[in-house]
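Order of listing sets the numbers, starting from 1, for every ligand and every atom in it. None of the values given here were measured: they were computed from a predicted structure.
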Amino acid sequence: MTTLELPALRSQRLNALTHAPHERLDHAVKAHEPFSSRERFARFVVAQYLFQSELQALYQDAELGKIFPDLPQRCRAEQARLDLADLDTEVPAPVAGAVDKPSLAHALGWLFVSEGSKLGAAFLIKRVAAMGLDENTGARHLGEPEGGRAEGWKRFTRTLDALELSEAEEREAEAGAIAAFERFSHLLQHSYDSAPAAV
Ligand code: HEM
């Protein structure tokens, strides 16, 4: 895709640029059959926990918090940790290679992906009921955010789209979004590879 064909709004541009990585990740998630048993779902939650806990510093960052005032409440690391407890799964050890002190623009790309993943979560949470799980047990991190899923996303993208970025920062944000998808894919694979033998 050339720059000329890309949408004008930053959020839509990031969406278009990450369409292929999203497709690949969607397929990777489904290939691991996370809804076939609580044990397999727990591995998916391990990946979600690792991803969210790696992003905690960004969600609590003061500069980013000035841009998105509700940023700290948006982080789902704590919900994912409680989900792990519900699923009798230990909190995993950190995995080398987490994003570390990114530039503000790069961080925006990561947050875009983390926040965007709440949209897909609306579909995923429907599948957990068969395992006796819901937004209060085992799948809290996929639950509807306070104030509503669609509204939360609109608020986030409205702010993201209104920011003034230089051309160089624009590229950094795009690279951040791509890197976030790569990281989630890595954590997903790591999570299933490090599963107890019975899973
Ligand atoms: C770590 C990042 C992400 C993960 C793990 C993820 C995972 C998934 C999965 C597995 C599905 C399929 C759900 C189903 O068919 O039951 C899905 C769907 C969806 N995702 Fe994501 N996603 C991520 C990021 C994003 C981002 C950044 C956006 C938007 C900006 C997004 C928007 C959507 C939407 C709208 C759907 C609904 C169906 C579709 O249009 O494909 N996701 N996601």
Side-chain angles (χ1 to χ4, degrees), residues 1 6-36 40-56 58-59 68 71 74-77 79-80 83-84 92 95 97-99 102 105-131 133-135 139-145 148-161 163 170 173-192:
M1 195 178 294
L6 289 171
L9 276 183
R10 181 174 295 124
S11 59
Q12 288 180 8
R13 215 158 50 230
L14 289 171
N15 216 341
L17 285 167
T18 57
H19 181 77
H22 185 272
E23 279 289 290
R24 282 196 294 274
L25 185 53
D26 179 354
H27 289 140
V29 168
K30 286 171 181 163
H32 286 295
E33 301 185 344
F35 306 109
S36 60
R40 294 199 71 78
F41 181 65
R43 304 322 297 172
F44 176 71
V45 181
V46 165
Q48 290 273 36
Y49 170 79
L50 288 167
F51 189 70
Q52 286 296 309
S53 59
E54 290 178 0
L55 295 186
Q56 269 188 112
L58 302 193
Y59 276 101
F68 306 97
L71 199 57
R74 286 177 174 270
C75 186
R76 286 166 293 156
Q79 283 100 317
D83 288 338
L84 288 175
V95 177
V99 61
H106 198 74
L108 293 174
W110 282 83
L111 290 175
F112 168 83
V113 174
S114 178
E115 288 302 302
S117 73
K118 292 176 179 172
L119 300 177
F123 295 82
L124 301 178
I125 197 157
K126 291 187 185 143
R127 310 278 307 275
V128 303
M131 295 181 285
L133 305 175
D134 58 29
E135 71 276 10
R140 299 160 207 259
H141 77 282
L142 299 174
E144 177 103 23
R149 215 180 278 280
E151 189 43 53
W153 176 243
K154 269 188 222 149
R155 237 182 15 256
F156 177 80
T157 51
R158 221 181 285 132
T159 306
L160 178 69
D161 289 337
L163 292 173
E170 213 69 74
E174 291 166 8
I178 299 283
F181 272 104
E182 281 169 6
R183 184 63 182 167
F184 195 96
S185 304
H186 178 74
L187 294 174
L188 186 73
Q189 195 58 46
H190 167 86
S191 170
Y192 282 92

Notebook entry, point to check: atom 3 (C) of ligand 1: which protein heavy atom is closest, and how many Å away?
Noted result: Ser117 CB, 3.5 Å

Item checked: Residue portion contacting ligand 1 (non-hydrogen atoms closer than 4.0 Å) for Trp153 -> side chain

Notebook entry, point to check: Short list, please: which atoms of ligand 1 are under 4.0 Å from a heavy atom of Val113?
Noted result: 1 (C), 2 (C), 24 (C), 27 (C)

Notebook entry, point to check: How close do Ile178 and Leu17 get, heavy atom to heavy atom, and via which atoms?
Noted result: CD1-O, 3.8 Å

Next item on the list: Looking only at protein heavy atoms, identify the closest one to atom 6 (C) of ligand 1 and say how far it is in Å.
Entry: His22 NE2, 3.9 Å

Item checked: Top protein contact for atom 35 (C) of ligand 1, by heavy-atom distance -> Leu119 CB, 4.0 Å

Next item on the list: Flag the pair Arg24 and Glu182 as a salt bridge only when some basic side-chain nitrogen lies within less than 4.0 angstrom of an acidic carboxylate oxygen.
Entry: no

Next item on the list: Please confirm whether Lys30 comes under 4.0 Å of ligand 1, counting heavy atoms of the residue only.
Entry: yes

Checklist line | Thr18 and ligand 1 - part of the residue with a heavy-atom distance under 4.0 Å | finding: neither

Margin query: Can you confirm whether Arg149 is buried at CZ, in the sense that more than 12 heavy atoms of other residues, nucleotides or ligands lie under 6.0 Å from that atom?
Written below: yes

Checklist line | Interfacing atoms of ligand 1 (cut-off 4.0 Å, heavy-atom, Phe123) | finding: 13 (C), 14 (C), 16 (O), 37 (C)

Next item on the list: Name the closest protein heavy atom to atom 4 (C) of ligand 1, giving the residue it belongs to and the distance to 0.1 Å.
Entry: Leu25 CD2, 3.7 Å

Next item on the list: Please work out which of the three classes, parallel, tilted or perpendicular, describes the rings of Phe44 and Phe41, given edges at 30° and 60°.
Entry: tilted

Check: Per the side-chain hydrogen bond (donor to acceptor under 3.5 Å, both in side chains) rule, which among His141, His22, Arg76 passes with Ser117?
Finding: Arg76

Check: Atom CG in Asp83, atom CG in Leu142: separation rounded to 0.5 Å?
Finding: 7.0 Å

Next item on the list: For atom 19 (C) of ligand 1, find the nearest protein heavy atom and state the residue, atom name and distance (0.1 Å precision).
Entry: Gly120 CA, 3.4 Å

Next item on the list: Starting from atom 31 (C) of ligand 1, locate the nearest protein heavy atom and write down its residue, its atom name and how far away it is, to 0.1 Å.
Entry: Gly116 O, 3.3 Å

Check: Is the closest protein non-hydrogen atom to atom 39 (C) of ligand 1 under 4.0 Å?
Finding: no

Notebook entry, point to check: His186 versus Val95: any side-chain heavy-atom pair under 4.5 Å?
Noted result: yes

Note to self: With a 4.5 Å cut-off on side-chain heavy atoms, are Arg40 and Tyr192 touching?
What the structure shows: yes

